[in-house]
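Scroll down for the structure; my scribbles are underneath it.
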Amino acid sequence: AYLMKYVLHGWDDAQALECLKAIRNANKNRVGKTVTLYIAEAVIVSHRKDELEAHMMDIEMLVMASSKERTLAEHNSLLTESGYAMKNLH
């Protein structure tokens, strides 16, 4: 199993995909076993004012690293494109 904690938000979509695919490719010879990847990231769930902290972090990531916080749909898109499937969200 792998744990990525606050890693993907530091990269744009292309670089985040590259990270996810690298983990997947490093394990492609594991016969009969699945790769479990735990991702700990902020998820922007709405545009409500009570999500201010996530939106402020989104702006900070954009300014500081040309990256972003992602919505659930954006996380799912990255996972799907890199060959993963989301099992749970906590």
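As the structure is a computational prediction, the values presented were derived from the model and not from experiment.
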* Nearest-0.5 Å distance, CG of residue L89 to CG of residue N76 -> 8.5 Å
* Asked: Is there a side-chain contact between H75 and E41 (heavy atoms, below 4.5 Å)?
  -> yes
* Considering only heavy atoms from C-beta outward, does the side chain of L79 approach that of I39 to under 4.5 Å? -> yes
* To do: Check whether any side-chain heavy atom of Y2 sits under 4.5 Å from a side-chain heavy atom of V35, and report yes or no.
  => yes
* To do: State, with a plain yes or no, whether a side-chain heavy atom of R70 is found less than 4.5 Å away from one of D13.
  => yes
* To do: Report yes if some heavy atom in the side chain of W11 is under 4.5 Å from a heavy atom in the side chain of L17; otherwise report no.
  => no
* Asked: Nearest 0.5 Å, what's the NE2-CE distance between H9 and M4?
  -> 10.5 Å
* Identify the heavy atoms of Y38 and A1 that sit nearest to each other, and give their distance. => CE1-CB, 3.9 Å
* Structure fact -> Value for CG (N27) from CG (L37), rounded to nearest 0.5 Å, stands at 10.0 Å
* Does a side-chain heavy-atom distance below 4.5 Å link Y84 with R24? -> yes
* Between the main-chain N or O of L78 and the side-chain N or O of S82, is there a donor-acceptor pair closer than 3.5 Å? -> yes
* Indicate yes or no: at least one non-hydrogen side-chain atom of L8 is less than 4.5 angstrom from one of L20. => yes
